[in-house]
Engineer: 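Pasting in a structure now, in structure tokens, and then I'll have a few things to ask.
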2 protein chains.
Amino acid sequence: MSESSTLVFDPARQPAPGCELCRSPGGLLVACNGAWRAIRVDDEAYPAFYRLVHREHVAEMSDLAASERARCLELLVGIEEILREVLCPTKINLASLGNMVPHLHWHVIARFDWDGHFPQPVWGTRQRADDALRLAQVRARLPEVDHRVSRLFEAGV
Amino acid sequence: MSESSTLVFDPARQPAPGCELCRSPGGLLVACNGAWRAIRVDDEAYPAFYRLVHREHVAEMSDLAASERARCLELLVGIEEILREVLCPTKINLASLGNMVPHLHWHVIARFDWDGHFPQPVWGTRQRADDALRLAQVRARLPEVDHRVSRLFEAGV
């Protein structure tokens, strides 16, 4: 992707001591704007696992201004729509947890009824072995997802 | 709470076959308006576990109109703020998963660094035994949380 080559990670302006998301992208950098970045997580069992990460070290959604929250929501939903259109997953999982890294980030995960944990959360008990063939099929579509997420950010949603 | 006694559950207008959230509140009904209800989950280890449930059987945030999503977000953040103010939790966890019940609902959970799973998600591996004394202290504040969530809905946020 030509867009990826021009992406530059902006670290937090006031990094919190020891916070990895203040200093590093936290995954493959797919898109970024002034306040948010989309990264793709390197997870063998969950290839379509994206995160929307805030640039600054704030812990909770209620720490943001309402306009910033609204922008977050529209980016989240934009990524969700792209995942649905490209991958036709069984379900989208959205979560802002941050118990380990209290730097606001949203998990956006395409889930399939054949995946390793379905219908459990990816943090729950594994239900079955991974399906290598189907995972490869999902993985083959990720450049398209990445490209569309990049365009979503460029469009200034 | 006087408000609770007047609450009436509105089932989905077009219930989906077999969907429990179309036909029943799904927990203690704390507040409701035309489109959303707040319920409190009966979870012994997580007393401050709320859910924001959509009235109709839609699966994903991107199935809602933008105005309805915005309203959802402001209710979510309102509940988060109440939990933060009343309980001073270590972290708020927000999640829309719905793998088992694909009827849009958000988990809003006050997490504490002493709780049974912290820093794991509540769906993850238990880290320690429950602290009965501290859980009772949280439980004692729930009427105040419920009351404020009820007022949040009345205020038409």
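Numbered from 1 within each chain, the chains take letters A, B, ... in sequence-line order. Note that the structure is predicted; figures quoted are calculated from it, not measured.
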Engineer: Consider only side-chain N and O atoms of B:Tyr46 and B:Asn93, and report whether a donor and an acceptor are under 3.5 Å apart.
Structural biologist: no
Engineer: Answer with side chain, backbone, both or neither: which region of B:Arg69 has an atom nearer than 4.5 Å to a non-hydrogen atom of chain A?
Structural biologist: both
Engineer: Using the test side chain to side chain contact (heavy atoms under 4.5 Å, CB included), find all partners of B:Asp130 that sit at least two apart in sequence or belong to another chain.
Structural biologist: B:Ala45, B:Arg126, B:Leu135
Engineer: Is a donor on one side and an acceptor on the other found under 3.5 Å between the side chain of A:Glu80 and the backbone of B:Ser62?
Structural biologist: yes
Engineer: Checking heavy atoms, do the side chain of B:Asp63, its backbone, both or neither come under 4.5 Å from chain A?
Structural biologist: both
Engineer: Which bit of A:Leu73 is near chain B, if near means a heavy-atom gap under 4.5 Å: side chain, backbone, both or neither?
Structural biologist: side chain
Engineer: Is the distance between the ring centroids of A:Trp123 and A:His107 under 6.0 Å?
Structural biologist: yes
Engineer: Taking every heavy-atom pair that is under 4.5 Å apart, which of A:Val77, A:Val122, A:Asp113, A:Leu97 has the most such pairs with chain B?
Structural biologist: A:Leu97
